[in-house]
Amino acid sequence: MAEFIALIPAAGSGSRIGEDMPKQYCLLAGKPMIYHALNTLYRVDRITTICVVLAPEDIWWTRYDWGEFADKIQVINCGGVTRAESVTNGLKTLRAAKHIQDQDWVLVHDAARPGLSIALVERLLDQLVADEVGGLLAVPLADTLKRANDMDRVECTEPREQLWQAQTPQMFRTKLLLEALEKAPENITDDASAIEALGYSPKLVMGDTNNFKVTYPQDLKLAELILQERY
Ligand code: C5P
């Protein structure tokens with residue numbers, strides 16, 4: 001039977017956060033940011049393995065004790081220069097070690113989304129387990145969308161009907177995801193884009209705004225509030 005494997009790319013530098021450490025290690029609710037996504041994925045029974053992809057030069061991971069996740073976690077220092085490369089390298093390493101099979105499902109989740117909940121992961125699994133392609137968590141766009149010209153003036157207002165903001169986890173079968181990432185255009189920023197470039201149409205599964213990506217300094221405060229409510 002196909003297994004569910006989570007993969008957390010955590011090899012980015014996160015320079016927009018303005019801290020002197022990679023953003024996945026910024027402290028939130030007393031723990032490094034990546035702890036929170038890891039903790040959620042760990043507590044989803046159907047997920048059997050969680051692979052964390054670190055930068056080869058990472059000096060932060062070993063400063064913390066990850067023993068509570070020991071029976072599910074695999075840490076690999078094979079991150080690349082882009083997120084897609086980090087995911088690809090992680091999948092190839094898992095496949096070479098026979099820790100993952102072609103038909104296993106991979107849930108790729110950003111280390112910088114600490115607001116992920118168990119209920120959201122369960123919803124994603126329930127809605128995609130029988131799907132031909134796979135899909136992703138996403139939320140319908142709430143704001144009005146403006147297209148700018150190169151003078152930062154509004155060129156037009158884009159209709160927001162049927163526009164969704166992509167989140168993670170994004171869930172695809174190993175073989176399809178690897179093929180897609182290997183053929184993907186260089187500028188993709190998520191896994192679904194690679195799948196779309198092959199001509200497939202990933203399913204959108206309703207996410208939650210709490211599962212936002214921590215990117216700017218002010219995001220840290222909001223993430224802290226969300227996590228304080230949880231613990
Ligand atoms: O930079 P951004 O917020 O888009 O990164 C999303 C996720 O991808 C983060 O968890 C980050 O650590 C990871 N990433 C990576 N390798 C890179 C760039 C980003 O694993 N080269």
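Whatever order the structure lists them in is the order used to number ligands and atoms, beginning at 1. The first residue in the sequence is number 1, and the count goes up from there.
No side-chain donor-acceptor contact under 3.5 Å links Lys72 and Thr49. Looking at Ser86 and Asn89, their side chains never bring a donor and an acceptor atom within 3.5 Å of each other. There is a side-chain donor-acceptor pair under 3.5 Å between Gln167 and Asn211.
Checked against a 3.5 angstrom limit, the closest N/O atoms of Arg16 and ligand 1 fall outside it.
Within the 4.0 Å heavy-atom cutoff, Gly79 does not count among the residues contacting ligand 1. Put simply, part of Lys23 is less than 4.0 Å from ligand 1, judged by heavy atoms. Using a 4.0 Å cutoff on heavy atoms, Val53 does not count as a contact of ligand 1. Heavy atoms of Thr215 come nearer than 4.0 angstrom to ligand 1 in no pair at all. Heavy atoms of Gly14 come nearer than 4.0 angstrom to ligand 1 in no pair at all.
Atoms of ligand 1 found under 4.0 Å from any heavy atom of Lys213, numbered from 1 in the order shown, are 2 (P), 3 (O), 4 (O). When each atom of ligand 1 is checked for a heavy atom of Ala111 under 4.0 Å away, the hits are 10 (O). Atoms of ligand 1 lying under 4.0 Å from any heavy atom of Gly80, numbered from 1 in the order shown and given with element: 17 (C), 21 (N).
If you look at Thr189 next to ligand 1, there are no close heavy atoms at all, none under 4.0 Å.
Evaluated by nearest non-hydrogen atom to atom 9 (C) of ligand 1, the leading choice among Ser86, Pro9, Ala37, Ala55 is Pro9.
A heavy-atom distance below 4.5 Å is not found between the side chains of Ile76 and Lys92. Residues Leu116 and His109 have side chains in contact (heavy-atom distance under 4.5 Å, counting atoms from C-beta outward).
Of the protein's heavy atoms, Gly12 N, 3.0 Å lies nearest to atom 12 (O) of ligand 1. For atom 7 (C) of ligand 1, the closest heavy atom belonging to the protein is Asp110 OD1, 3.4 Å. For atom 20 (O) of ligand 1, the nearest non-hydrogen atom of the protein is Ala11 N, 2.9 Å. Scanning all protein heavy atoms for the shortest distance to atom 8 (O) of ligand 1 gives Arg83 CG, 3.4 Å.
Val44 approaches Glu122 most closely through the heavy-atom pair CG1-OE2, 3.9 Å. Closest approach of Ala166 and Leu136 over heavy atoms only: CB-CD1, 3.6 Å.
The line from CZ of Arg173 to CD of Glu179 is 14.5 Å long, rounded to the nearest 0.5 Å.
Taking the six-membered ring where the residue is Trp, Trp61 and Trp66 present parallel rings, their angle staying beneath 30° rather than reaching 60°. Relative orientation of the Tyr35 and Phe69 rings is tilted, given thresholds of 30° and 60° on the angle between their planes.
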